[in-house]
Amino acid sequence: MGKAIFITGTGTEIGKTVATSFLAFVFQKLGLNTKIFKPIQTGLAEDGVSFADQYWYEKVVGLAQSEGLYYMEPAVSPHLAATLTNTTIDPALIVEKIEQWKRQYDIVLVEGAGGLAVPLIEKEQEFYMTNDLIKECSIPIIIVSLSGLGAIHHTVTTVSYAQQQGIRVLGLIFNQFNAESIIHVNNIETIKKMLDLPVIATLPSLENVTKHTMMALAERWLANNERKQLLREVLSVEV
Ligand SMILES: Nc1ncnc2c1ncn2[C@@H]1O[C@H](COP(=O)(O)OP(=O)(O)O)[C@@H](O)[C@H]1O
Ligand SMILES: [Mg+2]
C-alpha cells in the first residue's frame, strides 16, 4: 500500500506545483512509483486550451503520471468555478481515486487548489473547504511557502490553522529561496524556532523551469546523505 501526501501552501501562485514536481522527481530518482493528482483544476494554460496545472506537469516538466478529476475553465476559486460551470464536486470520488492509486503506486502526491481555507463546495449555510477534503482523505500535508517578506506570518497562520483542524503537518518547503538574502535566511531560522517542524527543502528560483532543471534540483537535494533519513523519518517513506 502506497502513501499519499497532500501538498498545500500559504496561498496561490507560491509554488505548490513546482514543489510537487520537485518531490515527484525525488521519489522517481529513488525508484518509487509516483502519481500526481491535482483533483480540482481551474484556469487555462498559455496555449489557451490545456488546463494550467495539467499542462505544467505534462508539458513543462514532463511528468506524464499526473491526472486531474474536475477541470473548470474559469480561473477563480473552486466553489465559484463549480457554480459557473454547473459542476458538482464530489469529495467521495476524490477520496476513492486516492485510495485506488495508493494501491497502485508507492507515493500519491495530491496538490490542492490554493491554500487550506479555500472553499470547494458552496452549500446553503456553509462551505465545504479544502481542509474538510484533507480530513476526509485522512492524509498528512506538506505546506509550501515563499521565502521572502511575509513568509513568517503566512507560514505560522497556515500551520496553526492546520493544527486547529487536526490536520497533521509533516513539514515545510520554502520556495524561491535565496541563500544570499538576509530576509530569506532569517525567515527560515525564525520559523524553525517558532514551529517545531522540519524544513524538507528550500527551492531556489530557477531561471528556466524544465524537466532537466527540476531533475537536477532533485538530484542535488538527494546528494546530501541525510536526505534519505529525512524521507524515512519525516515522510515515513521506505527508501
Ligand atoms: N522555484 C521557482 N523557480 C522559478 N519559477 C518558479 C519557481 N516556483 C514557482 N515559479 C513560477 O511561479 C508560478 C507559480 O508557481 P506554481 O508552482 O504554479 O504555484 P502554485 O501551484 O502554488 O499556484 C509558475 O509560473 C512558476 O513557473
Ligand atoms: Mg498549482
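Read the numbers this way: they start at 1 and go in the same order the structure lists the ligands and their atoms.
- Distances from the Mg ion (ligand 2) to the N/O/S atoms of Asp53 are shortest for OD1.
- Near Trp56, the atoms of ligand 1 lying under 4.0 angstrom from a non-hydrogen atom of the residue are 27 (O).
- Not a single heavy atom of Glu207 sits closer than 4.0 Å to an atom of ligand 1.
- Annotation: atom 8 (N) of ligand 1 to nearest protein heavy atom, Asn175 ND2, 2.8 Å.
- Evaluated by nearest non-hydrogen atom to atom 11 (C) of ligand 1, the leading choice among Glu13, Met214, Gln176 is Gln176.
- Note on ligand 1: Leu203 sits outside its first shell, no heavy atom being nearer than 4.0 Å.
- If you look at Glu111 and ask which of its N, O or S atoms sits nearest the Mg ion (ligand 2), the answer is OE2.
- Below 3.5 Å of separation, one finds an N or O of Lys16 facing an N or O of ligand 1.
- Heavy-atom separations between Gly9 and ligand 1 are all 4.0 Å or longer.
- Heavy-atom separations between Ala19 and ligand 1 are all 4.0 Å or longer.
- The protein non-hydrogen atom at the shortest distance from atom 5 (N) of ligand 1 is Val209 CG2, 3.7 Å.
- Of the candidates Ala113, Pro204, Gly115, Gly15, Gly15 brings a heavy atom nearest to atom 19 (O) of ligand 1.
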